[in-house]
Q: 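Before we start, here is the structure in question, set down as structure tokens.
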Amino acid sequence: MLARTAQELKQGEDVVLEGVLTRWEGKLTLDQAVVSEGDAFDVSEVKEKYDMNPEDVEVSVAGRVITLRPMGKALFAHLQDATGRLQIYLRQDIMGESSFKDFEETIDPGDLLGVKGRLFRTNTGELTVEVKEWVLLAKSLHPLPEKWHGLKDVEVRYRQRYLDLIANEHARRVFFLRSRLISEIRRFLDSRGFLEVETPILQPIASGANAKPFITYHNYLEQNLYLRIAPELYLKRLIVGGINRVYELGKNFRNEGVDTTHNPEFTMLEFYCAYWDYKDLMVFTEELFSYLLNQLVGGLKITYQGKELDFTPPFKRYRYFELLEEKTGKDKDFFLKDVEGLRRLAKEVGVPKAETLTHAKLIDKVFDLLVEDELWGPCFVIDFPKLLSPLAKTHREDPDLVERFELFVAGKEIANAYTELNDPMEQRERFLEQLKEKEMGDEEAMSMDEDFIKALEYGMPPTAGEGIGIDRLVMLLADVDSIREVILFPALRQKI
RNA sequence: GAGCCGGUAGCUCAGUCAGGUAGAGCAACGGACUUUUAAUCCGUGGGUCGAGGGUUCAAAUCCCUCCCGGCUCACCA
């Protein structure tokens with residue numbers, strides 16, 4: 001059922017449109033309602049500017065009517081916009097009988113309203129606009145979600161996010177935080193001399209990560225294109241091209257499951273710095289997080305899901321195989337050489353489908369299952385097996401390992417970084433190993449990219465690079481447990 | 001893909017176990033009220049109980065199928 005206003009519109013649009021809009025013709029237009037005396041005010045501006053001394057200040061302000069309290073010949077209401085709420089007060093003897101009566105008859109909760117009037121403070125001390133003139137700026141044909149309980153149905157909150165944003169302040173807070181986080185990341189990287197770039201989202205080969213891509217077809221080029229699963233190989237081409245500090249902030253697309261930590265399109269930050277190695281990046285990461293935490297929450301400690309997280313540097317460092325040995329009693333050689341022994345171990349600890357997994361997957365799954373969830377952190381896991389890292393440089397002290405770290409916070413992988421492999425011959429071999437994995441049934445094994453290898457053949461300086469999952473970072477800072485709470489329009493099945 | 005939970009008025013929720021005329025608050029509508037703020041007071045209307053099928057004299061309630069969502073698992077490092 002629609003509101004009374006919708007019924008009115010159905011019965012006779014003329015009544016509402018002429019009755020309301022034309023009445024104000026020549027008196028107060030939308031522009032005048034929002035811009036007056038040289039100032040454009042949103043709700044928070046009015047409050048900030050005049051909260052201390054509201055005497056006799058004339059303001060114009062617009063917002064959505066969120067509550068309405070008629071009291072005979074006077075009326076209180078609250079206007080809301082994304083910045084806050086402001087009370088308005090209407091009196092028949094101030095604005096005139098017909099204007100007051102019109103207001104009562106036409107304005108409902110949910111409508112967008114512009115008002116002009118004098119600021120004052122009520123008996124209870126609330127800053128309030130005493131309205132002289134008003135204008136209906138837009139009608140809401142649907143009633144708003146209930147003012148006290150708000151909107152709770154998560155399906156409606158995701159499908160009609162605008163209602164969530166109107167009704168739930170915590171939703172507004174999360175998305176404002178997300179926006180500020182992204183601004184601060186840019187500010188930090190820009191100040192350190194990084195250049196922001198945009199690389200192709202439609203790529204002839206989807207490589208640079210282990211994931212299944214979305215496929216599309218370009219009619220003019222007459223070829224398949226893939227939505228990128230990572231920008232990595234293009235950003236490293238730019239390092240070859242001499243852009244020594246480079247970053248990209250944008251969407252990646254992976255054609256995989258949807259759950260509380262995965263959305264098919266998600267936001268990644270990747271940045272690369274020539275002449276750095278992964279140790280430099282760990283320090284840089286600590287600096288980045290210190291900066292972000294200080295800017296956004298004003299300190300280095302936050303609470304996530306009831307537990308404290310302390311981002312005071314330095315973060316702890318744990319070696320990959322030391323963590324595994326702690327849990328299993330088995331050393332690196334066991335994991336790298338005794339594949340069948342590892343398979344038995346994997347089955348014992350409950351890795352599903354252990355009998356069909358490749359060597360690399362077995363290591364990875366055992367680590368996931370036994371270690372990952374306990375890494376409350378923040379901490380760096382360093383020195384990963386080469387098998388799992390086809391784009392990372394071989395460790396300077398151990399040919400079985402690569403110079404790679406992942407940053408874990410609250411049991412989640414937040415960042416992944418390594419000293420980049422810049423030897424084109426070795427890169428080709430690593431890709432070939434990935435192709436073997438693919439043949440052995442690992443659908444997510446990385447694709448060969450000859451064009452990228454060609455770029456490496458021109459010489460890529462020693463470089464370190466890092467990727468940070470922005471959605472998961474927002475989840476941490478906002479203290480929410482589902483990625484859908486930090487993505488404005490998360491992927492849902494279409495509803496007919 | 002599997003298991004569990006959920007879908008009842010515009011919103012927030014009862015009612016389902018144990019079948020018997022579909023409820024409350026807010027919102028809406030009519031009335032009273034010139035400093036209220038979840039305004040208050042009096043009155044009124046409002047339902048494809050997610051969809052379809054079955055059992056029954058009778059289904060929101062029991063059974064089956066399907067749709068949508070949530071959580072867990074699998075998958076996704």
Side-chain angles (χ1 to χ4, degrees), chain A residues 1-8 66-78 85-95 100 105 108-110 120-128 130 140-160 163-164 166-168 209-212 229 252 254-264 266 320 350-353 357 360-369 371-372 381 384-385 387-390 404 406 408 412-413 416 442-446 467 469 481-485 490 492-496:
Chain A
M1 187 204 78
L2 295 180
R4 174 196 61 148
T5 51
Q7 291 169 356
E8 280 179 0
I66 214 79
T67 61
L68 205 54
R69 294 180 293 281
M71 300 177 39
K73 296 187 178 63
L75 179 156
F76 284 93
H78 274 102
R85 284 185 185 189
L86 181 64
Q87 184 167 256
I88 62 172
Y89 178 49
L90 287 79
R91 281 173 62 148
Q92 193 187 81
D93 56 3
I94 287 174
M95 56 197 295
F100 185 83
E105 284 174 3
D108 295 305
F120 76 108
R121 214 173 275 286
T122 62
N123 287 346
T124 55
E126 180 166 351
L127 186 67
T128 301
E130 185 186 82
S140 174
L141 302 184
H142 299 277
L144 288 183
E146 206 249 342
K147 63 189 171 192
W148 188 241
H149 297 93
L151 179 64
K152 290 189 175 166
D153 184 328
V154 288
E155 192 175 348
V156 178
R157 289 185 47 231
Y158 299 156
R159 288 189 196 279
Q160 296 177 270
L163 292 180
D164 191 29
I166 292 168
N168 296 321
N210 306 94
K212 285 176 239 171
I229 56 177
N252 288 349
R254 299 187 183 177
N255 202 342
E256 288 157 357
V258 175
D259 64 26
T260 47
T261 51
H262 298 85
N263 195 65
F266 61 100
Y320 188 90
V351 173
K353 295 186 218 152
L357 294 180
K361 280 275 185 189
L362 282 171
I363 300 175
D364 197 29
K365 289 291 162 196
V366 170
F367 186 88
D368 266 16
L369 206 64
V371 181
E372 229 176 78
V381 175
F384 278 62
L387 272 177
L388 293 178
S389 318
R404 172 179 174 187
E406 288 190 352
F408 281 90
K412 294 184 173 73
E413 179 200 331
N416 179 24
D442 181 358
E443 285 185 271
E444 279 102 30
M446 209 174 282
D481 59 5
S482 169
I483 200 169
R484 298 181 195 95
E485 295 294 332
L492 294 180
R493 202 181 298 274
Q494 188 178 21
K495 211 168 186 176
I496 318 147

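The chains referred to below are lettered A, B, ... by the order of the sequence lines, with proteins before strands, and numbering in each begins at 1.
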Q: What is the distance, rounded to the nearest whole Å, between atom NE2 of His78(A) and atom P of rU35(B)?
A: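 Atom NE2 in His78(A) sits about 16 Å away from atom P in rU35(B).
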Q: Main chain of His149(A), side chain of Glu146(A): is a donor-acceptor contact present, judged purely on distance under 3.5 Å?
A: yes
Q: Backbone N or O of Ile229(A) within a donor-acceptor pair of the Arg254(A) side chain at under 3.5 Å?
A: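 Yes; at least one donor-acceptor contact below 3.5 Å.
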Q: In the structure shown, which nucleotide is the Watson-Crick or G-U wobble counterpart of rA51(B), with both distances under 3.5 Å?
A: rU65(B)
Q: Mind checking ring pair (Phe, Tyr, Trp, His ring centres under 6.0 Å) for Phe408(A) and listing every partner two or more places apart, or none if nothing turns up?
A: none
Q: Taking the C1' atom of each, how far is rG10(B) from rC63(B), in whole Å?
A: 33 Å
Q: Base, sugar-phosphate, or nothing for Asp368(A), non-hydrogen atoms under 4.0 angstrom?
A: sugar-phosphate
Q: Kindly say if Arg493(A) contacts the phosphate of rC68(B), meaning a side-chain N or O under 4.0 Å from OP1 or OP2.
A: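 Affirmative; the distance criterion is met.
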Q: Could you work out the separation of rA18(B) and rG30(B) based on their P atoms and round it to a whole Å?
A: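 Rounded to whole Å, the distance is 46 Å.
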Q: For rC71(B), which nucleotide in any strand shown is its Watson-Crick or wobble partner with both distances under 3.5 Å?
A: rG3(B)
Q: Rounding to an integer number of Å, can you tell me how far Tyr158(A) OH sits from rG7(B) P?
A: 18 Å
Q: Contact class for Leu163(A) vs. all strands (heavy atom < 4.0 Å): base, sugar-phosphate, or nothing?
A: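 If one applies the 4.0 Å heavy-atom cut-off, Leu163(A) turns out to touch nothing in the nucleic acid.
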Q: Is there a Watson-Crick or G-U wobble partner for rG19(B) with both distances under 3.5 Å, and if so, which one is it?
A: none
Q: Where do N or O atoms of nucleotides 11-13 of chain B meet protein N or O atoms at under 3.5 Å, pair by pair?
A:
| residue | atom | partner | partner atom | Å |
| --- | --- | --- | --- | --- |
| rC11(B) | O2' | Glu146(A) | N | 3.1 |
| rC11(B) | O2' | Gly150(A) | O | 2.9 |
| rU12(B) | OP1 | Lys152(A) | N | 2.9 |
| rU12(B) | OP1 | Asp153(A) | N | 2.9 |

Q: Do side-chain atoms of Asn168(A) reach the backbone of Leu151(A) as a donor and acceptor pair under 3.5 angstrom?
A: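 Pair found, side chain donor or acceptor close to backbone of Leu151(A).
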Q: Watson-Crick or G-U wobble partner for rC26(B), using a 3.5 Å limit on both distances?
A: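 Checking every strand shown, rC26(B) finds its partner in rG10(B), with both distances under 3.5 Å.
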Q: Could you identify the nucleotide paired to rU40(B), looking across every strand shown and requiring Watson-Crick or G-U wobble geometry with both distances under 3.5 Å?
A: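 Per the H-bond distance test, rA32(B).
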Q: Test for a donor-acceptor pair under 3.5 Å between the base of rU35(B) and the side chain of Glu126(A), counting only N and O atoms.
A: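 Between rU35(B) and Glu126(A), which were checked side chain against base, a qualifying N/O pair under 3.5 Å is absent.
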Q: Output yes when at least one side-chain N/O atom of Arg69(A) is less than 4.0 Å from OP1 or OP2 of rU36(B), else no.
A: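 The answer is no; no side-chain N or O of Arg69(A) sits under 4.0 Å from OP1 or OP2.
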